[in-house]
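Values below: all heavy atoms of this structure, side chains included; hydrogens, waters and symmetry mates excluded.
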Amino acid sequence: MPTMVLFLLVVLAAVVLGIIGVAADGLGYLLVIGIVLLAADVIVAAVVWSRRARRRPVR
């Protein structure tokens, strides 16, 4: 479960950075950081969940 909590916190941070980057004038780099953070989080989560799926024994 701690992995899911970390995943959701990073997604939340990415969304907040994106909103601040769009809303605040001159802080467009926060939008870029939010997008990169979200993409990295999704990639890491996909790798972790695919590894977890492979460990199941075949019945």
Rounded to the nearest 0.5 Å, how far does CG of Leu30 lie from CD1 of Ile35?
11.0 Å

Rounding to 0.5 Å, atoms CG (Asp41) and CG (Leu12) come to a distance of 11.0 Å

Considering residues at least two apart in sequence or located in another chain, which fulfil the side chain to side chain contact (heavy atoms under 4.5 Å, CB included) criterion with Leu37?
Val10, Ala13, Ala14, Leu17

Can you list the residues that meet the side chain to side chain contact (heavy atoms under 4.5 Å, CB included) rule with Leu9, with sequence neighbours excluded?
Val5

Partner set under side chain to side chain contact (heavy atoms under 4.5 Å, CB included) for Ala45, not counting sequence neighbours:
Phe7, Trp49

Is it true that Val16 and Leu6 fall in one hydrophobic cluster, defined by side-chain heavy atoms closer than 4.5 Å?
yes

Just how far is it from atom CD1 of Ile33 to atom CG of Leu27, taken to the nearest 0.5 Å?
10.0 Å

Restricting to pairs with a member in residues 11-47, which pass ring-ring contact (aromatic ring centres under 6.0 Å, His included), not counting sequence neighbours?
none

